[in-house]
There are 2 protein chains.
Amino acid sequence: MRIALDAMGGDHAPEAIVEGCLRAAREWPETELILLGTEESVQPLLGGNPPPNLRLQPVEEWIEAEEEPVRAIRRKKGSSIVVGCRMVKEGRTDAFISAGNTGALMAAGTMVTGRLLGIDRPALAPVFPTLDGKGMLVLDVGANPEARPEHLKQYALMGSLYAEKVLGFEAPRVGLLNIGTEAGKGTQLTKEAFELIGALPLRFVGNVEARDILDGVCDVLVCDGFTGNVLLKNTEGVAKGIFGRLKEELTRNLFTKMAAAVLKRGLKRFAAEMDYKEHGGAPLLGLVGPVVKAHGSSDSRAVYNAVRQTQRFVKRDVTRSISEELQRLERG
Amino acid sequence: MRIALDAMGGDHAPEAIVEGCLRAAREWPETELILLGTEESVQPLLGGNPPPNLRLQPVEEWIEAEEEPVRAIRRKKGSSIVVGCRMVKEGRTDAFISAGNTGALMAAGTMVTGRLLGIDRPALAPVFPTLDGKGMLVLDVGANPEARPEHLKQYALMGSLYAEKVLGFEAPRVGLLNIGTEAGKGTQLTKEAFELIGALPLRFVGNVEARDILDGVCDVLVCDGFTGNVLLKNTEGVAKGIFGRLKEELTRNLFTKMAAAVLKRGLKRFAAEMDYKEHGGAPLLGLVGPVVKAHGSSDSRAVYNAVRQTQRFVKRDVTRSISEELQRLERG
């Protein structure tokens, strides 16, 4: 198996990417890892004796975090993101992972790698943390802000297959994000999507409210990309705000610092559970091959986790499963 | 001033409602408080010597939390919610507060109390907690799930006036909830709303992302009711989940319990800051008179806070300000 990685994207690139790849390459010698990065920034980090299954494929340019996605991928055809997505399309790699510009990766995934037949819009599908530690696949979180009912139906199908084959959920419970649990709630979009998803051969548990996400009320949560993006950022913001404020309380004076020392281990474990980075990358589902978005703030551990998860994405051949399921539905 | 309250609605009704009213009536002797409730459930709670400015106006029925809103307000014309909303319409009270069925209150507000001329849809506008303690008015959180750009424009106008006159923000910063901060981001709805709000005579700070809410990036946040409802419930769910898990860590063993004792005061203060109930009720803006939704889990303190805030709503005559501002815009 061969996996290409964007060495130039993410807050801690290229160091964290290379470091995570070195660890992954040693752990899985049968997996070939290809770093897409510039010679001068990546080569020194590889050291004198990199594992034989890790190599640099030089690129001349990269897309910055702030660049306007569509313009950037049109102008920078030699950038790590565009090259990686093209390699997936042409079968020169089995998968591509990037922690870089999310919008650019989504645009390149759609326009360069290309969509599966029968998929109107790809969906970005990160795993949200849940209190039971199992996590919840949420899609879409922004690949397609203006979703139609048909798109949500496709998300349900793709999400269910990915959750089963890659995340290990048995008969994943698929929920529809809504503003009430009763059928008939919400907007025209959710009402129509409810009917469409209900007719699919999967375990649909109906409408789900945002307040029940952390409790793991379902395994796959379907929503339009605008709402999903708001949900993702709100969860990050609230968790970060509370943990930040908690830290203040713990370091307020000598006594609270002593108390904090006692609680440290438990709180650290909890903070880690709430950390997106532990859950590997977010696949861009619906493309002709695996393209995975790692969190922008990925450290080497997150990169390693993304490689682990992406291997399962390739091995379990989720792309083919989605394609076959679409054809089966098409035939009725 | 006269304020009517639904004694029958909310998780802790009628006890918490009556108790909160008793305190409010003693605190503000010039405000007349009218409890809408059944004789047998409310009268005993009033005791032998209630304050002269607090009285019971008996109703025969009430709407349960689980009832379908529109059907309930049609069938139960003598219920506390319908009677309260009718009293506002007929000028027999200056305001009405209910902690009961949110959907029923929104429906009765729109269909019984009635909309202001120039307002297409009322908006439910709670105050979200922020880390600086000032809070952020968010509207709409579900009165109107299917919003058009024109509606968001009206929310911006109403929210800005309410935040200034009732919450005490000077020149409130109005933001539009979006999935990126740059202009031109998001859906057709947010793109068009961005232009409309930008043309209003208020302090528009542009697009705001959900991850920056807790940091208080603006004072008034405008969004469609579907997204706002998801945001509200997600914030509640994440905060509740984290605090619950924190409690587990603090009570894990004897040592953590001792540590918890040291931290207790600070953590309680923080939890209180994050509590919606501290911020009074959520007005249903855009009606011909003040109708206020108190949190369903309101205790007596929350009821008291809602009365305090509603008095300001009446005194500062926000309804008239909204109406005048609409007419001024109409005239160009």
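Within every chain, numbering begins at 1; the chains are lettered A, B, ... in the order of the sequence lines, protein sequences first and strands thereafter. All values below come from the heavy atoms of this structure, side chains included, with hydrogens, waters and symmetry mates left out.
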| task | Using modelled atom types only, decide if a donor and an acceptor are shared between the side chain of A:Glu146 and the backbone of B:Gln188 within a distance under 3.5 Å. | result |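 Such a contact is found between A:Glu146 side chain and B:Gln188 backbone.
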| task | Mind running side-chain contact (heavy atoms from CB on, under 4.5 Å) on A:Val230 and B:Val230 for me, showing each step along the way? | result | CA-CA 9 Å; A:Val230 166; B:Val230 166; 5.8 Å; no
Using non-hydrogen atoms only, which part of [X] is less than 4.5 Å away from chain B: side chain, backbone, both, or neither?
| X | value |
| --- | --- |
| A:Thr130 | neither |
| A:Ile213 | side chain |
| A:Arg265 | neither |
| A:Leu214 | side chain |
| A:Asn178 | both |

| query | In this structure, are over 12 heavy atoms from other groups packed under 6.0 Å from A:Met258 atom CE? | reply |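 12 or below, so no.
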Nearest heavy-atom pair of [X] and [Y]: which atoms, and what distance?
| X | Y | answer |
| --- | --- | --- |
| A:Leu177 | B:Phe226 | O-CZ, 3.7 Å |
| A:Ala239 | B:Val238 | N-CG1, 4.3 Å |
| A:Glu249 | B:Leu263 | O-CD2, 4.0 Å |

| Interchain contact, B:Arg252 with chain A, by part (heavy-atom threshold 4.5 Å) |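 Just the side chain, heavy atoms under 4.5 Å.
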| request: Among A:Val262, A:Thr256, A:Leu250, find the one that has a side-chain contact (heavy atoms from CB on, under 4.5 Å) with B:Val262. | output: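 Exactly one pass, corresponding to A:Thr256.
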Which distance, rounded to the nearest 0.5 Å, do you find between the [atom1] of [X] and the [atom2] of [Y]?
| X | Y | atom1 | atom2 | answer |
| --- | --- | --- | --- | --- |
| A:Arg245 | B:Arg269 | CZ | CZ | 6.5 Å |
| B:Leu131 | A:Glu248 | CG | CD | 8.0 Å |
| A:Leu231 | B:Thr235 | CG | OG1 | 9.5 Å |
| A:Asn144 | B:Thr187 | CG | OG1 | 11.0 Å |

